Each structure stands twice: as structure tokens, then as C-alpha cells.
Amino acid sequence: MLEGAVTARTLLAAEERLTMGTVAALYGNELVDLHTPLDGAASSMATALVPLDAESPQALEIIRHSTAHVMASAVQRLFPGTQVTFGPATENGFYYDFDRPAGSFSEEELARIEAEMLRIIETDAPFEREVLSKEAARALLTDLGEHYKLEHLERLEDPISVYRVGGWVDLCRGPHVPSTRFLKAFKLTAVAGAYWRGDERNPMLQRIYGTAFPSAKSLRIHLQQLELAKARDHRKLGRELELFAFLDSAPASPVFLPRGATVYSELVNYLRGLYLRDGYTEVMTPELFDRKLFETSGHLPSYADNMYFGMTRDDKVENVDDARLCLKPMNCPAHAAIYGLKRRSYRELPLRLADFGRLHRYERSGVVHGITRVRSFCQDDGHIFCTQEQGAGEISRFIDLVTAVYRDFAFSEMRVIVATRPDKRIGSDDVWEAAERMLLDSVIAKGIAHEVAEGEGAFYGPKIEFHLKDALSRSWQLGTIQADFNLPERFDLTYVGADNLPHRPIMLHRALLGSLERFLGVLIEHCGGAFPAWLAPEQIVIASVAAPFAEAAEARAQALRTLGIRAIADSSDNKLGAKIRSARLLRVPFIGVLGEQEAQGGGLSLRRREEGKDLGLLPWDTVVSTLQSALAPPSATV
RNA sequence: GCCCAGGUAGCUCAGUGGUAGAGCACCUCCUUGGUAAGGAGGAGGUCGUGAGUUCAAUCCUCAUCCUGGGCUCCA
């Protein structure tokens, strides 16, 4: 560093804004190291500088990225010949990808790497930034034998920065913490394979995941939260609560057990209620179609990789591409065909068709996950056929509906993503342009915070996606609405306008919950298996205090069932405490206790799931009215 | 699909080159009970599947199926 060079450190120190916990600074919109010389007039710069404390979110990223550097340094010390690639901070930590000729890292090696990292950190080595010409950087990387970095270098613009720490050097944009002293708490968590630049045609690298925090305490809290999240994992709860299961004979295709099927049906009932109010009519369509339907729709060949094919013994075919039948991966072609069954008038539009048909999509074995990503599922699918002019209004109406629905399930953190035209698509650019415009305008008009995902749209149209997070903060797409000008064209759909001339309708594909399977998975994690009372598989368990009251308990349960309440009696010869315990483990919203007192007076002692609240002995009428009001499904308002 | 880690009773998990164990759940009996586990006994496994090595394989090797973590939040 030049004598007297102006840095964030000198400027902040001069104003006594530098503390022991300051790891970097924000200079305008730019993150800068404390020690990097700044350009410009010192006096004006100082006011634009904001010191970043270790506890700030931006500092956390810097700490993690610096920890990744230390890890890479340790790896190269321990395993010479290993090349480095990318090592960014992530939402929950960091990773670094290596090309190690000997292959992946074992658990024991992870421990050795951690130990080596500690040794490096203890030396309190400073992070030093150095700016090079591209030519000099090329020479440096060639010298180090870092071929991946060399490849990446060619994508970068002059000048190039590198960071040194403890004699180790890496091509890096920075910034970094001043020295390794600031890395106080880290843990290496996992090894995994990852393709170079994420492309499966490239060589596979060895990735090491880790996490880092400004203090040992915050790391400990993070690890505890991970443990808690595991307890909410829908796969674990699905098994424990007997909601669903998987058969070896149907991989990645869940079977719903009685308890899970009850929740599933209630979700469908809820949706049917919404549809009735919101002007949808339901249709039912086959699962197996002649391939011609999907040729017309354009699913073949765009979507063939994700489709199942079928044939009969009368079909003398050898190649799957000649299979006569297709298992539907989507409902839209069938709905387009239904629309085309007869001549349509503008007076019928918008025509909103809903379908709970079962879909099958072939998903590669590595991407399936519990019931949130499966091969057999059902969408709360619907297609709106309308005029161009009606499109914006329908989209706006749908956004209101989907927002209200998520509110019903107490989801608050919704991400809205507008996904635009992908490389592999059907239809002209003009048509895509219009469709993208329509979606974006609706979101903007509602003032909804959203992101744009370039190239992430469906092959037939752009979409708005509504994402929610699961217990491990993985983001899942649930609801969606997609504008489609292509299918109406391909199916030659028309309506007769007021002018008595044929016109082309547009088609909106939409789903509120998305896949019912996925939604249920996310919902299970959201509520930790304690479903809202209206969805609970059993809404009340009536526990008899002793055998002589078993019959009375069963009679009460039956009386409630005739009122539409899912009630069961626990007449096992367990003691009351054990019955309460098992009902609570199943997260049953109400528990009724029936003994001498209740049998005599005709009432029931009731307790609610929430805070184990005991409502005491209530007269039967009060029991019924309490249950009926607590068990009523919510009503999403449009 | 690819990399890594797994697959032992319904569930959660021990275990060993000489054909297997615990807790819970289940069944039977005793107990007739008042708000998160009463007691005793019993039954239950081709150790994922197939092959190989071995006198002998749940254990070692290979294949295969299934499950789990990950596969550009770009130096």
C-alpha cells in the first residue's frame, strides 16, 4: 500500500467510526475492503462511507466468502494438485468447488480440512487485494496451474483483482474481511458433486459446503434451527402421521393413506368452493391420450423427455417414439380440445375450466423429493379461455384470488416471479412479447414486489410464479398463471364475436396451489403436521376414561359424524393420560374426555390443541357449536 | 442422468465373517382408570435384490433397485 493511501479504514478511523467489529464498508452502492485504496477526493468520500459491522447481512456474506477462501487454501495445502474453481457465499453459508484428481472428499478429510482452516485462522493472516492487468493475471494463473480460473479469466474485463491470504492467492472480485481474525465460527457441512458451470456436459467437480457466522453463538443457533427444521420435514411427518407412503413399485409416486387422503380431499373441497364462487366449471378428462393430441399441442417434441408413453399389445411397436399413446403431463391440450368441441360465442367468454386430473411426468431420479417433486400428481389446474381484451382483467382477478388463498393458509412470505421466454419454445416473438407484457403489466399495476426470471418460462408461454418456502427454506413454485397465445393457434380455436366474425381467443393456464402434492408437502412443514382444524384428518378424539364408557364415547363420536365432523372414539384399554398423549402426538385439534360425569350429564369435557387449552365440562349443545365454528373452512374472499 | 452417503422388525436405531438385538408400535392377559406413556407375557426380520469370494456372507467384492444430500443465489 502506498504511503498515506486513502482507504476506508483511514477515513473511518479519522472520524472514529471504525470499531473492532467493522469488517468492510459500503461505499455508495459498492462493498469495499477496509484496506483497499479508494479513488477520489478524501473529504467527500468519507461521508459516502458506511462501516459494515460483522452482524450486518452484507458483512455475513463477506465473512462467508472469506471463509471459503480459507477453506480453499487449506484444501490446496492438504491436497496438492487440486484445482480451485468457484467459491461463493450462499443464503445459508458458502461452498467451494474443486477439481481433485483423486476424487471426492471423505468425512475424515473434511475434519482434517477444518483443522487446517483453524491453523490458518490462528495466524491472523491479512487478506490483501492486488490489482493486475489481464496479462499479468494470466501469467500468475498459468504459473499456479489453475486451468478453471484461467478459463474464467477470459470472460473478465481488465483490471483483474486477486486476493492473497497466508501465502495463498485466488482470482477474486472481493471484498474480504481485513484478516482471518474476523472468521470466528464456521463448520463444513457436506460434500457433493457439482458440474463445472452447472452444466452436465462439463466435468464434475467436488463441492464442499460449509457455513460461517460472526460468532460461535450465532453458528450454534443456526445449527439448532437446522435440527428443528428436520423435525418438520414433511417426509418424516408424512411417515409418522401416516399421511402418505411410497411403494417400491411406484417410485416417486406417493400413495396417500387414509389420514393423508382426508386432508387431500378437503383441499379439493375447498378449491371447489372457490371455483363455484369464481365462475369456474369443472371438467374431467382421461389420463391416456392418442399421441396426436400432443403433436397438435406441441408437447411432442418439446416436452417428450418428461413424458410417459403407452401402448397396447395390439400396437406392434418397438420404439418408444412410435408409441401410440401418451400419459398426459398437463391438462391444457385436453381443455383446448374441449373448447374446440363446438362453436363458441363471445358471450361464453371467459370460459373457465377446472380439472383435478392426475398428471404423470417423468422426473429424473436425482430431482424427485418427498411429495414436493413427484412423478404422479394432481394440479388444481384450470384454463381460462377469453378474448385478448379480457386477458388483463382475468390475470388481475387471479392474482387477487391466489393472494387470498395463501392468506387462508397463513402463508406470509410469498415470492412472485415473472418468467420470460425460454430458448426452447413454440410461437413467434411478437406473440411472446404481447404475452410477457400482459403478465408484467398486471403485476406492476397491483404494485406487487416481483423478480423477473429471464428464460424460465414454459415452452408455450411466459408465466407468473408464486413461490413459498419449506421448513429448510427451499423455495417451491406453487401457484402460477401463464399467458398462452400459442395453443389456441395450434388447436385453431375460435369464437364468434359480436361482429359475427371468427376471432382467436387466448388461453390462460393457472393453478392456485399448483400441485396438490407439493402444496401439501409445504403445508405440512409450515404447520409442523398440526393442520388447521378444518383440514385435520381427525377433528376430535373422544377418549373414554374407562371401559364402561367406551360405548357412550362411540355413540358421541357417531353423533358428531352425522353432523359432518370427523370424530373418532378411543376405546383402547389405555389409561386416559396415554389416550391424550397419542391424540396430541397426532395433532388432533380437539380432545373430548368422557367418564362418569359426562356420561351422566350428557356433556363432554373438551380441550383444544392450542396450548393444551382445557375448556372444561361443556353441555352437548355447546360442544357441537364450539366444534362447528372452529372446524369451518376459511373462505378466501375475491 | 451424474457425484457422495445410506438401505437390519411397522417406526427409530444397535450389532457381528460362524444364519440377529433394543425401545416404541402390534397381539394376549392383568389392571377399571380423570388430562402427555400402568404392568406382565408374546409374536414379528430371506439384514433391499441378484451374483461373486469363502468351509461359512447381514458383514468383504461387483451389479442392480430404492432412499437421502448436492449438481452456476457465477472470480
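Atoms considered below: every heavy atom in the structure, side chains included; atoms not considered: hydrogens, waters and symmetry mates. This structure is a prediction, so every number in the text was calculated from the model and none was measured. So that the names make sense, note that chain A is the first sequence line, chain B the second, and so on, each numbered from 1.
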Tell me which one of A:Arg609, A:Glu242, A:Arg259 satisfies side-chain contact (heavy atoms from CB on, under 4.5 Å) with A:Leu586.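 Only one of A:Arg609, A:Glu242, A:Arg259 forms a side-chain contact (heavy atoms from CB on, under 4.5 Å) with A:Leu586, namely A:Arg259.
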Would you say the rings of A:His35 and A:Phe127 are close, in the sense that their centroids are separated by under 6.0 Å?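 Ring centres of A:His35 and A:Phe127 not closer than 6.0 Å.
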Taking the six-membered ring for Trp, are the ring centroids of A:Trp196 and A:His147 within less than 6.0 Å of each other? no
Looking at [N], which nucleotide sits across from it as a Watson-Crick or G-U wobble partner, both distances under 3.5 angstrom, or is there none?
| N | answer |
| --- | --- |
| B:C74 | none |
| B:A56 | none |
| B:G44 | none |

Does the base of B:G1 carry an N or O that pairs as donor and acceptor with the side chain of A:Glu363 under 3.5 Å?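 Between B:G1 and A:Glu363, which were checked side chain against base, a qualifying N/O pair under 3.5 Å is absent.
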Atom pairs under 3.5 Å, N or O on each side, protein against nucleotides 29-32 of chain B: can you list them with distances?
| residue | atom | partner | partner atom | Å |
| --- | --- | --- | --- | --- |
| B:C30 | N4 | A:Asp573 | OD2 | 3.3 |
| B:U31 | O4 | A:Asp573 | OD2 | 3.0 |
| B:U32 | O2 | A:Ala547 | N | 3.3 |

Expected output is a numbered-order residue list: members of residues 189-202 of chain A with a heavy atom under 4.0 Å from any atom of RNA chain B. What is it?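 The stretch gives A:Val191, A:Ala192, A:Gly193, A:Ala194, A:Tyr195, A:Arg197, A:Gly198, A:Glu200 as the residues lying under 4.0 Å from the strand, ordered by number.
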Name all residues meeting the salt bridge (charged side-chain N to carboxylate O under 4.0 Å, His left out) criterion together with A:Arg556; count only those two or more places apart in sequence or in a different chain, and write none if there are none.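 For A:Arg556 there are no salt bridge (charged side-chain N to carboxylate O under 4.0 Å, His left out) partners, ignoring immediate neighbours.
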Does the side chain of A:Glu598 pick up a donor-acceptor pair with the side chain of A:Ser605 at under 3.5 Å? yes
Can you give me the N/O atom pairs linking the protein to nucleotides 7-10 of chain B at distances under 3.5 Å, or say none if there are none?
none

Is a side-chain N or O of A:Lys149 found less than 3.5 angstrom from the main chain of A:Thr85, in a donor-acceptor match? yes
Please list each protein N or O that sits under 3.5 Å from an N or O in nucleotides 63-68 of chain B, with the distance.
| residue | atom | partner | partner atom | Å |
| --- | --- | --- | --- | --- |
| B:G68 | O3' | A:Arg235 | NH1 | 2.9 |

Tell me whether A:Arg129 forms a cation-pi arrangement with A:Tyr163, defined as NZ or CZ under 6.0 Å from the six-membered ring centre and within 45 degrees of its axis. no
Name all residues meeting the side-chain contact (heavy atoms from CB on, under 4.5 Å) criterion together with A:Tyr362; count only those two or more places apart in sequence or in a different chain, and write none if there are none. A:Tyr308, A:Arg364, A:Arg375
Among B:A36, B:C74, B:G34, which is the nearest nucleotide to the side chain of A:Arg607?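 Closest nucleotide to the A:Arg607 side chain: B:A36.
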